[in-house]
Amino acid sequence: IFFVFAGARSPPSSLPGFWQWVYWVDPFHYFLESVITTVFHNITVVCDDRDLYRFNAPSGLTCGEYAADFFASGATGYIANPDATSDCGYCQFSSGEQFYQGYGWSYNHRWRNFGFIIAYWIFNIVVATFFIYLFRKPKR
């Protein structure tokens, strides 16, 4: 259940309203954000031919000219063949940062997240110790 609410499959805004709070208390979310942002930081994405979304530009326009407004509106990624007039290839991301920023994650949160994970670990030890002490069998 931790994985469902960690934000890896979908950002917290797509979770049903009542369940959005689980995203913020899920320790797996902080672990995933730390690992993914560290691994994908400063990575250049180069899409393979099979990864590209294909479309055709209207006649008289190149792929780059046709997609210019799309990128001007804040879209991520790049056109693999901007000078072509047909069979345009669009790659959704041009950097690793573009991928994880779509989830609202930041590379600058990695040490904060590490602190949350340590706090969660300490909390679990304290609670487990408390309940072991509370429900221990009395000595004879």
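These figures come from a predicted structure and were not determined experimentally.
The shortest heavy-atom contact between Asn81 and Asp87 is ND2-O, 3.0 Å. Taking both residues in full, the closest heavy atoms of Ile117 and Tyr30 are given as CD1-C, 4.1 Å, listed atom of the first, atom of the second, then distance. When all heavy atoms are compared, the tightest approach of Asp83 to Thr62 is O-CG2, 3.9 Å. For the pair Arg110 and Thr38, the tightest heavy-atom approach, listed with the atom from each and the gap, is CD-OG1, 3.7 Å.
A cation-pi arrangement is found for Arg136 relative to Tyr133, the charged atom lying closer than 6.0 Å to the ring centre and inside a 45° cone about the ring normal.
Between His29 and Trp105, the ring planes are tilted. Angles from 30° to 60° get that label. Note: Phe18 and Trp21 have perpendicular aromatic rings, judged against thresholds of 30 and 60 degrees for the angle between ring planes. The aromatic rings of Tyr90 and Phe71 are tilted relative to each other, their planes meeting at an angle between 30° and 60°. Relative ring orientation between Phe55 and Tyr66 is described as tilted, the plane-to-plane angle lying within the 30° to 60° band.
The distance between the ring centers of Phe40 and Tyr100 does not fall below 6.0 angstrom.
Note: the hydrophobic cluster containing Phe99 does not contain Tyr78 (ILVMFWY, side chain heavy atoms under 4.5 Å, direct or indirect links). In the hydrophobic clustering of ILVMFWY residues, with side-chain heavy atoms under 4.5 Å counting as a link, Phe93 and Leu52 come out apart. Following chains of ILVMFWY side-chain contacts shorter than 4.5 Å, one cannot reach Ile43 starting from Ile36, and the two form parts of different hydrophobic clusters.
Counting only distance, with no hydrogens or angles, the side chain of Glu65 and the backbone of Leu61 share no donor-acceptor pair below 3.5 Å.
Partner of Asn113 under the side chain to side chain contact (heavy atoms under 4.5 Å, CB included) criterion, out of Pro27, Ser34, Ser106: Ser34 alone.
Around atom OH of Tyr107, more than 12 heavy atoms belonging to other residues, nucleotides or ligands sit under 6.0 Å away.
Here Val127 is tied into one hydrophobic group with Phe123, Phe130, Phe131, Leu134, Phe135, each link being a pair of ILVMFWY side chains closer than 4.5 Å. Ile125 forms part of a hydrophobic cluster together with Trp111, Phe114, Ile118, Trp121, Ile122, Val126, judged by ILVMFWY side-chain heavy-atom separations under 4.5 Å.
Rounded to the nearest 0.5 angstrom, Thr76 OG1 and Glu97 CD are separated by 12.0 Å.
Within the structure, every pair that satisfies the disulfide bond (SG atoms under 2.5 Å apart) test and touches residues 70-115, not counting sequence neighbours, is listed here: Cys47-Cys91, Cys63-Cys88.
Side-chain contact check for Tyr53 versus Gln92: some heavy-atom pair is nearer than 4.5 Å.
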